[in-house]
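The next block holds one structure in the form of structure tokens; read it before the comments.
Proteins come first, then strands; the chains are lettered A, B, ... in the order of their sequence lines, and each starts at number 1.
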Amino acid sequence: MMLVEILIAGFGGQGIISTGQLLAYAGMRAGLHVAWIPSYGPEMRGGTANCGVTLSDTEIGSPLVTEPGVLIAMNQPSFDKYAGTVVPRGVILYNSSLAKDSHGRRDVLMVGVDANRIAEELGNVQVAANVVLGAYLGLSGVISVSAAVEALEDVLPPHRHRLIPANRAALERGAAFGVSCREGGSAVG
Amino acid sequence: MMLVEILIAGFGGQGIISTGQLLAYAGMRAGLHVAWIPSYGPEMRGGTANCGVTLSDTEIGSPLVTEPGVLIAMNQPSFDKYAGTVVPRGVILYNSSLAKDSHGRRDVLMVGVDANRIAEELGNVQVAANVVLGAYLGLSGVISVSAAVEALEDVLPPHRHRLIPANRAALERGAAFGVSCREGGSAVG
Amino acid sequence: MPKVLMKGNEAFGEGAIRAGCRCTFAYPITPQSELTHFLARRLPEIGGVFVQAESEVSAINMVYGAAAAGARVLTSTSSPGISLMQEGLSYIAGARLPCVVVNVMRGGPGLGNIAPAQGDYWQAVKGGGHGDYRLIVLAPASVPEIIALMELAFDLADKYRNPVMVVGDGVLGQMMEPVELESGEIRTAPEKPWATTGQGDRPQRNVINSLHIVPEDNERFNLDQAAVFAEIRRREQRSEEYRTEDAELVLMAFGTVARVAKAAVDRARARGIRAGLIRPITLWPFPDESVRRAAAQAQQFLVVEMNLGQMLEDVRLSVNGKRPVHFYGRPGGTVPTVREILDEVSRIMG
Amino acid sequence: MPKVLMKGNEAFGEGAIRAGCRCTFAYPITPQSELTHFLARRLPEIGGVFVQAESEVSAINMVYGAAAAGARVLTSTSSPGISLMQEGLSYIAGARLPCVVVNVMRGGPGLGNIAPAQGDYWQAVKGGGHGDYRLIVLAPASVPEIIALMELAFDLADKYRNPVMVVGDGVLGQMMEPVELESGEIRTAPEKPWATTGQGDRPQRNVINSLHIVPEDNERFNLDQAAVFAEIRRREQRSEEYRTEDAELVLMAFGTVARVAKAAVDRARARGIRAGLIRPITLWPFPDESVRRAAAQAQQFLVVEMNLGQMLEDVRLSVNGKRPVHFYGRPGGTVPTVREILDEVSRIMG
Amino acid sequence: MPKAFQRPQALTDKAFHYCPGCTHGIIHRLVAEAIDQLGMRTKTVGICPVGCAVFAYDYFNCDMIQAAHGRALAVATGVKRVLPDRLVFTYQGDGDLAAIGTAETVHAAARGEKITAIYVNNAVYGMTGGQMAPTTLLGQKTTTTPLGRERETAGFPLRVAEMLSTVEGAVYVSRVSVHSPRHVRQAGRAIRKAFEIQLRGLGFSLVEVLSICPTNWGLNSLEALKWLEKEMLPVYPLGELRAPAEEDAG
Amino acid sequence: MPKAFQRPQALTDKAFHYCPGCTHGIIHRLVAEAIDQLGMRTKTVGICPVGCAVFAYDYFNCDMIQAAHGRALAVATGVKRVLPDRLVFTYQGDGDLAAIGTAETVHAAARGEKITAIYVNNAVYGMTGGQMAPTTLLGQKTTTTPLGRERETAGFPLRVAEMLSTVEGAVYVSRVSVHSPRHVRQAGRAIRKAFEIQLRGLGFSLVEVLSICPTNWGLNSLEALKWLEKEMLPVYPLGELRAPAEEDAG
Amino acid sequence: MARVTFREERCKGCGFCVEFCPKKIIVLADHFNVLGFHPATVTNMERCTGCGICAWMCPDVVIEVEHAPDERKPAERTEAQHA
Amino acid sequence: MARVTFREERCKGCGFCVEFCPKKIIVLADHFNVLGFHPATVTNMERCTGCGICAWMCPDVVIEVEHAPDERKPAERTEAQHA
Ligand SMILES: Cc1ncc(C[n+]2csc(CCOP(=O)(O)OP(=O)(O)O)c2C)c(N)n1
Ligand SMILES: Cc1ncc(C[n+]2csc(CCOP(=O)(O)OP(=O)(O)O)c2C)c(N)n1
Ligand code: SF4
Ligand code: SF4
Ligand code: SF4
Ligand code: SF4
Ligand code: SF4
Ligand code: SF4
Ligand SMILES: [Mg+2]
Ligand SMILES: [Mg+2]
């Protein structure tokens, strides 16, 4: 049985919500059961955003991600808040452009991705979250990167399809990095 | 065991409510359990009023008077509406100044009292209902007329105590008539 | 003091005043309007406050404010008005504010009519508002008892920091019965160090609030309240038992109906049927102890209500399958008669 | 059509549209607001009406008007908003008007929080409003099921001329799951000869009303409705049974919790405990037939809810003392985990 | 002989339950006449309140809905949005429209709903026994202001027409009275005009009708008419507070 | 050096949860400053709404009550009637005060309750995700008016200050804004004046403060200030709509 | 000449027609009707102008007015009387 | 001379102080604060008049202003500047 629970967290405006939906759509394309759930309400004020994605090969019970197997932390507050909730032997990917490993957990795989820098290199800082998602996919292989690339059409409304190339590049750059981590073990890129 | 349920009905303004309360107070003075309940709500519109009084030597169950043992009908509509609800062997006293026996029931004691005329003779048409109450007391003896006279103080607020003599006279004139009926059997006075 | 005839609706007000309540916010509705008339006259005479709110929604939220400010406070209405108060009641319970709410029930649903009914039992005892909370619910059956239970209501509200509802019906509100007003002491509210009265000399400011944005905090609040409710259940069950000692058939009824049922018990006994009556005085906490005790001996239960069968479920939960529980109900504003109940008793004991 | 990811809140709207509903009156509230966003956009596109009411009180009364005029009509809110609708719901039931009301439940009482909860079970099934009436209450557990049950909801509402409530919670409203939108036919409402549409060519004018000033009339109305309710109870009970055939322990849960409980059943079975699940789909009529059937064989019941124990009472009434009924609850906006339920199962079966 | 005056078609034959002299009856007739004049009887949906006029569904000879206390304008909104070509009116008392129904009133107006409110201001809650209404005059005795309404504790009479005349969606706001034949005539005109404006789709209309409640004012009917004229008119001046610019109606 | 500007005593030290640039924060500060200036911190009871300001009980350093959505003025009435010498204020958004709370607002004003409403008009429902408010401008896009508010279906912006200025018990009604330092200063004065009028027992006071919601307007904070100035001011003109005759305050 | 008819059984004796009849030809009768009120009645039908004012003012729609076809419309007459 | 201090950890980088400082001496820093915003800071404290406008406009009460005792009250200054 496969069941992956992923928490994606960061500032509002970092594309957290759509990155989560992208993962869910990619899971769908990969034939998995998927569920996506955002945090909602006044904790949105002050500019934080997060969502949980569940991927499973059987029916999904609760879609709430309270003890994630995987955390994607796009900024420091998110890292600080959620790093402790990740299950032992889980994975934490963090945006090392904006956050550092303040926690020092040894029982999880800790991967820093210089996502803002990479995204800026790709000409669009807004794709940073997809860089990290790409890294996760490269690292875990849970879904193919091509499924995620294809799913970009599902997530982006037609009038934003011009953004597909940048996002595709972000996923692929991230994935390459992720694969390299898998090969090289825990790393900060 | 003694249990008397009396329904008093007529136009608003005929003093129905206070006559009922007078009877209840009189019952209290006579050491009985008493309960009084008015009809209420939109049926008050259009100028009708009625109330039920229960007198008992034991605790009173429901104070609602739906099948009265005694009906005091102060006008024709009340007579028409309630004469049929009186239990067999009950008593109907009606204000023969304004109503006639439209029903012709033979299984009840039917007593007409020319109450408006008597009250006008006493100089106050507003005491007509007390004339009929007096008649009932004289007829039934369930409570002494003097208890009712004394209870006038309880019902009338201090600034209306000047009305006591007229009401007293009404009760007494009625009672005298009631006693005469008792002696003479069913009658229209 | 001599006995006076008093209307049930006035007795609610009189009881409140004797309980030390000086503060009422209400909106008129038949069949409880006399309560507002009484208090609109009486409260200003004794330095109290009567405000006619623009609606029941507003009234219950004024109550919320006055209770937060530490006052013993009352509102009163009838069925549709109680429905409008559900959000406010849930907030008051959520903020742990004491207050007393009177419901002089009438026929429903919808506009229904203004005749006596008991169709709001579930609303009162299961919580018509959202979330897990409980109202303490008292059900007087006579005008003198209204006064006594109003005094109790304010005490319980303050003791448990929880809203208390006192339920009557059109008959109870409209009827007059003799009451003897002992010149007993006017009660006063206990100290309320939590009240939002302005910080004054307190070291800390006070906050009245029902928001617990973190689910775990709200859960803790709910569990703490569950403990309070358990204590109330343990300590505050009240009922009147009438001729139950040797009863084969136990009638269960509250309020006005219980008076009719009591007469039916006597009449049944006269016919040789060993009937008895349990009259819940607290509808919540439901007197399940009494019912369980009675179920040890009685063979049958008959629940009589002015509705389609609501308290019935609480009786069934208490009896828990041990005995048959029968039901006789008259919904929509009609009052069962002694004769009807007797017929039902005969049918069962036949 | 391809599968799309859809939010639960949007699925309520999508289901309504597919049911032929073209008319929604609502007031925003977390966690159901996306429903209003969705319909505010979609309904005008298809010639429908979306009105943002000034309050939930107003919304439910607009629903009353639209239903009286013969439309399939929806409103939607979350717990505090439902409390504000209680008078209106009682009127709608009293006037025998069909409509659908969505409650995406959140933590209570009071303002509570916006997290998923099930604290409004009693309010939904026992009637939070005044008088004797019933709501038909449906409880989907997934986004696709939301769509299906919304279609059913409108059909049942029209069939029985009674309001139907569909309850979810914050999780169900906020989550996205894949749905396959078959291009099935849009349903249409049946003829409504009783609707107040202007007399037109009808020989008689129509009146929509819940006032029956004469108690006997209101009683007759109530008894007629009782017959309708009995029919609904007979015909419309729905539940999902999962591995109950040989279950020694039957879990009972609805909505989101039932999903968690299902996972717990599998895990318990893996540990050799013969567990099963009954998931009520209709909370009212409660599927007591299923429960009674299960009680013939199962030794134990465990009710799991996101509250302090509400459906618990209906389970106990159905089991009627035959088997022990246990309870595990997490109130105030917390969702039980598979692990917690398993622990509870082990404790009971241990 | 031709009828100079006869019962309007838009009234049923049922006798009113109102107290002797209660002007609710006159206002009913005026509404019915306006419906007749516009030939809309079979295309009208009326909504009656909770208040003395609660039984109006028995009196208006058209499809009728009985609404919860104060919610008639929300109900009317629901009806009109479903049936945009019908004539939809509410008939409400001052407790109903101006106390418990305040939000519904203001927002039906703000939305510019194409419905008409007939608003009967009798300065008191008639049905429930003469309590203070938002419109009760200062000093006026009611069952909940036994010493007369005091500004310090019970505030000031609410002028609904003035208030709504600040609201853009309320295109026709008029105050009339029925204490004399001339005023009855004007009232009838105003009601008809409001209906016409509705049918032309211009927006929300409200006609406030000053009315008497002899029963709860403790006066006989003729005294009550005089009291209205003497006491109410100064606080509630008559006239059109808002009307569409193009004056082609009536 | 003496402090030219420091955190007012009547604010706790808790950081606001508002979005960057949200002017709720400025308005909080102004209210707190007015309380400080009047020396009333320990004699004040504040009531916060449901809306983005729901956590205001954590921010104002005085006794605070969290009220149900729209009911703050009813709650305040309850408090003030029990504690007539306290300073009692509500802090409410436009959804809270002008939609669901309309009746409470109008009637607190009509009763002339001696309380002050701080009414934050940001033309939108901030907290719940940017739905239309009664105050949303025509053409303004919100999550429930995705094509912009249309008069035909969604009606017109409600001008609360204008509406309440017809109500006798509302003795002080003022509209201010916070989009520039000068306007912030005026807003502070108006709030203080309202409080003084309350303390003098004159009646109900309301200060409408135009405010921005960059998050739901889809603008950055500075753009939002400009939008307020350009779009909102014409619809919601600033000024004192009602004030007591004797001008001795402020 | 005009004719005024009363549905006597519905009259509540409020006296409005009596008060407002410009010709002062309406009175309340001595007897009670079924509702218990003294019903209104016209004393001298000859003098009735058919102006309809009695009917306009009657809260219970008790009164019907008929008039000769050639007369002015009642509305106009009233206008003149009450302007 | 006056001094302006920022509780940097509370700044949300809205830029109001930057925009409204009459001396234009406030900028948003390059670094992020703990909240993830670029916090405001004064570039040239010498030029600060202590007018307090930055503090008045700050929605998060981030700023405190001190000034020399002999100067005019800040309110007066502002009056002059913005009248
Ligand atoms: C929710 C609710 N609250 C209160 C009532 C009681 N009630 C019925 S009518 C009414 C007021 C009637 O006054 P008004 O609207 O002025 O009409 P009037 O009778 O004067 O014509 C009230 C308070 C009710 N039926 N429902
Ligand atoms: C009874 C009820 N209905 C709806 C809500 C949801 N709700 C919370 S805040 C709000 C509106 C907030 O808007 P506003 O009052 O303008 O304040 P802002 O957030 O814009 O400052 C709504 C609809 C609620 N909490 N309770
Ligand atoms: S109570 Fe007043 S308003 Fe009601 S019918 Fe009688 S006179 Fe008319
Ligand atoms: S949502 Fe709008 S009103 Fe609410 S805090 Fe953010 S900017 Fe301010
Ligand atoms: S029609 Fe005119 S003149 Fe004739 S009775 Fe009536 S009011 Fe008098
Ligand atoms: S106006 Fe009508 S009800 Fe009044 S007295 Fe004349 S006929 Fe009778
Ligand atoms: S005090 Fe005035 S001059 Fe100094 S930084 Fe602030 S705004 Fe600029
Ligand atoms: S105004 Fe305040 S929050 Fe905004 S940038 Fe300046 S210091 Fe930071
Ligand atoms: Mg009225
Ligand atoms: Mg707002």
Side-chain angles (χ1 to χ4, degrees), chain C residues 22-25 27 43 48-73 75 84-92 94-95 97 99 129-130 189 192 194-213, chain F residues 9-12 17 35 40-50 53-90 100-111 113 115 127:
Chain C
R22 290 292 174 276
C23 194
T24 300
F25 304 89
Y27 189 78
L43 281 174
V49 170
F50 175 87
V51 177
Q52 183 177 317
E54 63 272 19
S55 73
E56 292 86 352
V57 172
S58 193
I60 193 69
N61 284 287
M62 291 175 180
V63 166
Y64 181 98
R72 285 202 149 178
V73 53
T75 188
L84 285 172
M85 291 185 179
Q86 291 305 330
E87 191 203 22
L89 282 170
S90 177
Y91 267 77
I92 288 173
L97 294 175
C99 69
H130 60 285
K192 298 182 179 179
W194 48 261
T196 47
T197 53
Q199 184 175 335
D201 298 330
R202 259 187 273 119
Q204 292 296 324
R205 67 196 188 92
N206 283 338
V207 173
I208 295 293
N209 176 32
S210 66
L211 173 62
H212 309 277
I213 197 72
Chain F
Q9 298 264 305
L11 285 183
T12 67
H17 70 287
I35 295 171
M40 290 296 290
R41 194 187 67 77
T42 60
K43 289 190 194 139
T44 296
V45 182
I47 292 109
C48 56
V50 184
V54 69
F55 295 115
Y57 60 80
D58 274 345
Y59 305 144
F60 288 111
N61 187 18
C62 57
D63 278 9
M64 291 292 299
I65 302 173
Q66 200 294 311
H69 189 36
R71 317 302 173 193
L73 284 166
V75 173
T77 298
V79 174
K80 187 76 180 196
R81 294 294 183 120
V82 172
L83 303 167
D85 65 344
R86 304 306 195 279
L87 179 69
V88 177
F89 75 93
T90 68
I100 191 168
T102 308
E104 286 72 11
T105 304
V106 168
H107 287 279
R111 284 192 307 270
E113 295 294 344
I115 51 189
M127 161 165 254

Practice problem: Kindly give the heavy-atom pair with the smallest separation between C/R205 and F/Y57, and that separation in Å. | Solution: NH2-O, 2.6 Å

Quiz prompt | Over all atoms of both residues, closest heavy-atom pair of C/E54 and F/A103 | solution = OE2-O, 3.5 Å

Tell me, for [X] versus chain F, whether the close heavy atoms (under 4.5 Å) come from the side chain, the backbone, both or neither.
X	value
C/R202	side chain
C/A195	backbone
C/V73	neither
C/V207	both

Quiz item: With distance as the sole test, does F/R81 use its side chain to make a donor-acceptor pair with the main-chain N or O of C/G65 at under 3.5 Å?
Solution: no

Quiz prompt | C/T197 backbone acceptor or donor facing F/D63 side chain under 3.5 Å | solution = yes

Closest-packed option against chain F by number of heavy-atom pairs under 4.5 Å, given [options]:
options	value
C/A71, C/G48, C/G200	C/G200
C/C23, C/S58, C/A67	C/S58
C/N61, C/V51, C/L211	C/N61

Quiz item: Given F/R71 and C/I60, is the side-chain contact (heavy atoms from CB on, under 4.5 Å) satisfied, shown in steps?
Solution: CA-CA 10 Å; F/R71 317 302 173 193; C/I60 193 69; over 6 Å; no

Pick one of side chain, backbone, both or neither for [X], based on which atoms fall under 4.5 Å of a heavy atom in chain C.
X	result
F/A76	neither
F/A72	neither
F/V82	side chain
F/I65	both
F/V50	side chain

Practice problem: Please round to the nearest 0.5 Å and tell me the distance separating atom CD of F/Q66 and atom OH of C/Y64. | Solution: 5.5 Å

Self-check item: Interatomic distance, C/M62 atom CE to F/H107 atom NE2 [nearest 0.5 angstrom]
Solution: 9.5 Å

Exercise. Report, as yes or no, whether the 6.0 Å neighbourhood of atom NZ on C/K192 holds more than 12 heavy atoms from other residues, nucleotides or ligands.
Key: yes

